[in-house]
Amino acid sequence: MAAIKYELLKKDKNSNARLGKITTPHSVIDTPCFMPVGTQATVKALSKEEVEETGAQIILGNTYHLWLQPGHKLIEKAGGLHKFMNWDKSILTDSGGFQVFSLAKMRDIKEEGVTFKHHKNGSKLFLSPELAIEIENSLGSDIMMSFDECPPYPATHEYMEKSVERTIRWAKRGYEAHKKKDTQGLFGIIQGGIYPDIRKYCCEELTKIDFAGYSIGGVSVGEPKEEQNLALDYSLPYLPLDKPRYLMGVGSPGAILDGVERGIDMFDCVLPTRIARHGTAMTSRGRLILKNACFEEDFTPLDKECDCYCCKYYTKAYLHHLIKADEMLAPRLISIHNIQFLENLMKGIRKAIKEDRFLEFKAAFYEKYGLDNNDKDF
RNA sequence: GCGAAUAUGGUGAAGUGGUUAACACGGUGGAUUGUGGCUCCAUUAUGCUAGGGUUCGACUCCCUAUAUUCGCC
């Protein structure tokens, strides 16, 4: 019996946006959804209750980081990642493929796997499709990612072809190695950059395997917004309707709306929590850099339309002060707000799809947020 | 009152007789996308206490004033 069930509840009449529901062993997830990132078994700065309060139904953990510290065996001993970190809703684990390419220097990619140096102590490490699965099995996440190569941008057609062939072979090996199919769902990752033929080929090959869902990888690596959308246009038509689609690493409001419009169900991104730690908030009227002098005497909440804990009790002037004074409450409050802002955005999106007015919703959001369709992000 | 030392941006300060006054903090603005948790980038003194003088040229040498600090009466 499959661990992950996707139900397509409704498709928007005027776009490819879709309303759905994913059921995992730990929870039901309404889609389209946003998943906060908790790389090292914690959504940075927040407690379980605070994350829950934002409306998040699923969060991410990271294979690479948890493998190195504290070690997947230790987490298994603790009773699995859910128990270890006190999160009883769903968890998705990334395979570590991205980290190997974003963090590690001196990597050596071979058919068997990737040899690279530890990003902190320089020791030699080796990660393969089978090991990534073994780690993810130990962690016990609801949704697992295959170990893939995230090719750089830009990459030549020739390089991309070879890389994707290898990613496909790795995906097959990972699927074979996955021993807990009844409790954990494994996703395949579509690569191919902005080459239509390679994206299509990758979809065709990976859909031959019965993955629980499909991820679009290789985006948010520095490419312009139009190309990110092209990568979706070149992939989504070739993916099955009865499986969830996950756009990896995308979390700016504009890009989320573009993805939903094309038929994406799941998003994750470090953006809301990272910019929060650096003092920037997402609001319905655009982005606010709270350390800016103009907020010194602004005694209003971050966003009048937000119902989060931060907006309920605190003002911009207070947040400005906390940042200036380098107080750790600031990253916490802004992280709570930013995540809830995106969770609320997803709620709005789901409601709009239900009522067949997604495109109007998107246009209104763009207008208010202060960007047009050509803007990269904010 | 006498003697001595020091006077460089918001702060701590480096500095040389010769075109753009080091660096750090702070200030201001920006970045951040499958997270290396206080990061990165840009910008921030047309001026070196004031007034004279020496010199081709002085923030740098000399004189005076002022301020601060220390010591002695």
Side-chain angles (χ1 to χ4, degrees), chain A residues 34-46 58-66 68-69 91-105 116-122 132 136 141 143-151 153 167 187-191 213-225 228 231 246-256 258-259 264 266-282 287-296 320 322-332 334-335 338 342 376-378:
Chain A
F34 177 77
M35 309 181 281
V37 179
T39 304
Q40 308 205 71
T42 165
V43 175
K44 291 188 195 300
L46 304 189
I58 173 171
I59 60 175
L60 258 70
N62 189 277
T63 297
Y64 172 88
H65 291 278
L66 296 174
L68 299 182
Q69 190 178 48
I91 296 178
L92 181 153
T93 44
D94 187 20
S95 64
F98 185 79
Q99 281 61 42
V100 168
F101 295 94
S102 68
L103 298 183
K105 295 180 172 49
F116 55 98
K117 285 188 172 178
H118 191 300
H119 67 274
K120 281 182 181 166
N121 64 25
E136 293 185 272
S141 51
I143 299 176
M144 304 156 51
M145 290 298 122
S146 302
F147 185 70
D148 66 329
E149 178 188 349
C150 185
Y153 174 86
T167 284
F187 277 35
I189 302 179
I190 310 298
Q191 291 288 354
Y214 293 91
S215 307
I216 309 295
V219 298
S220 279
V221 287
E223 77 285 2
K225 177 184 171 170
Q228 185 172 110
Y246 161 31
L247 180 56
M248 306 183 81
V250 166
S252 68
I256 286 177
D258 284 349
I264 293 292
M266 307 160 71
F267 301 85
D268 83 283
C269 196
V270 305
L271 196 64
T273 42
R274 177 177 287 163
I275 66 176
R277 269 177 273 122
H278 296 161
T280 298
M282 296 171 166
R287 211 148 82 137
L288 302 182
I289 300 178
L290 286 155
K291 71 175 176 186
N292 286 4
C294 60
F295 298 116
E296 199 173 10
H320 174 82
L322 291 180
I323 291 165
K324 289 287 188 181
D326 198 25
E327 282 292 342
M328 58 185 161
L329 183 58
R332 284 172 36 67
I334 304 171
S335 290
N338 282 352
L342 288 182
K376 184 183 174 236
D377 277 323
F378 300 96

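A, B, ... follow the sequence lines: proteins, then strands. Residue 1 opens every chain. The analysis underlying the following values was restricted to heavy atoms, covering all of them including side chains, and did not include hydrogens, waters or symmetry mates.
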Check: [Y] main-chain N/O paired with [X] side-chain donor or acceptor under 3.5 Å:
X	Y	result
A:T167	A:E149	yes
A:S220	A:G249	yes
A:D268	A:M35	no

Sugar-phosphate, base or nothing in reach of [X], heavy atoms under 4.0 Å:
X	result
A:N292	sugar-phosphate
A:T273	base
A:L60	sugar-phosphate
A:I289	sugar-phosphate
A:Q228	nothing

For the [atom1] atoms, the ones on [N] and on [M], what distance do you get once it is rounded to whole angstrom?
N	M	atom1	value
B:rC73	B:rA65	C1'	25 Å
B:rG52	B:rG30	P	45 Å
B:rA58	B:rA42	C1'	33 Å
B:rC59	B:rA50	C1'	14 Å
B:rU8	B:rA24	C1'	16 Å
B:rU28	B:rA45	P	15 Å
B:rC62	B:rC23	P	29 Å

Starting from [atom2] on [N], measure out to [atom1] on [X] and report it in whole angstrom.
X	N	atom1	atom2	result
A:M282	B:rA31	CE	C1'	13 Å
A:D268	B:rU32	CG	P	17 Å
A:E223	B:rG34	CD	P	11 Å
A:L288	B:rU32	CG	C1'	16 Å

Below 3.5 Å is the cut-off: list the nitrogen or oxygen pairs between protein and nucleotides 36-40 of chain B, distance only.
from, atom 1, to, atom 2, distance (Å)
B:rG36, N1, A:H119, O, 2.4
B:rG36, N2, A:H119, O, 2.7
B:rG37, N7, A:K44, NZ, 3.4
B:rC38, O2, A:D326, OD1, 2.8

| field | Runs of at least three consecutive pairs that involve RNA chain B, where pairs are Watson-Crick or G-U with distances under 3.5 Å | value |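 If one scans RNA chain B for consecutive Watson-Crick or G-U pairs, the stems found are B:1-7 with B:66-72, B:10-12 with B:23-25, B:26-31 with B:39-44, B:49-53 with B:61-65.
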| query | Residues in side-chain hydrogen bond (donor to acceptor under 3.5 Å, both in side chains) with A:N62, at least two apart? | reply |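 For A:N62, the residues satisfying side-chain hydrogen bond (donor to acceptor under 3.5 Å, both in side chains) (neighbours in sequence not counted) are A:Q99.
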| field | side-chain hydrogen bond (donor to acceptor under 3.5 Å, both in side chains) involving A:T63 - partner list, sequence neighbours excluded | value |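 In terms of side-chain hydrogen bond (donor to acceptor under 3.5 Å, both in side chains), with neighbours along the sequence ignored, A:T63 is linked to no residue.
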Taking side chain to side chain contact (heavy atoms under 4.5 Å, CB included) as the definition, give me every residue that meets it alongside [X], ordered by chain and number, with sequence neighbours left out.
X	value
A:N121	A:H118, A:S123
A:R274	A:V270, A:R277, A:H278
A:E296	A:H320

| query | Any donor-acceptor pair under 3.5 Å joining the side chain of A:N62 to the base of B:rG34? | reply |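 It does not, because no donor-acceptor pair links the side chain of A:N62 to the base of B:rG34 below 3.5 Å.
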| field | For A:H119, all residues meeting ring-ring contact (aromatic ring centres under 6.0 Å, His included), sequence neighbours excluded | value |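 For A:H119 the ring-ring contact (aromatic ring centres under 6.0 Å, His included) partners, ignoring immediate neighbours, are A:Y64, A:H65.
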| query | To the side chain of A:K324, which of B:rG27, B:rU32, B:rG34 is closest? | reply |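 Closest nucleotide to the A:K324 side chain: B:rG27.
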| Counterpart residues, salt bridge (charged side-chain N to carboxylate O under 4.0 Å, His left out), relative to A:R332 (two or more places apart) |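 Scan of A:R332 (salt bridge (charged side-chain N to carboxylate O under 4.0 Å, His left out), adjacent residues dropped) gives A:E50.
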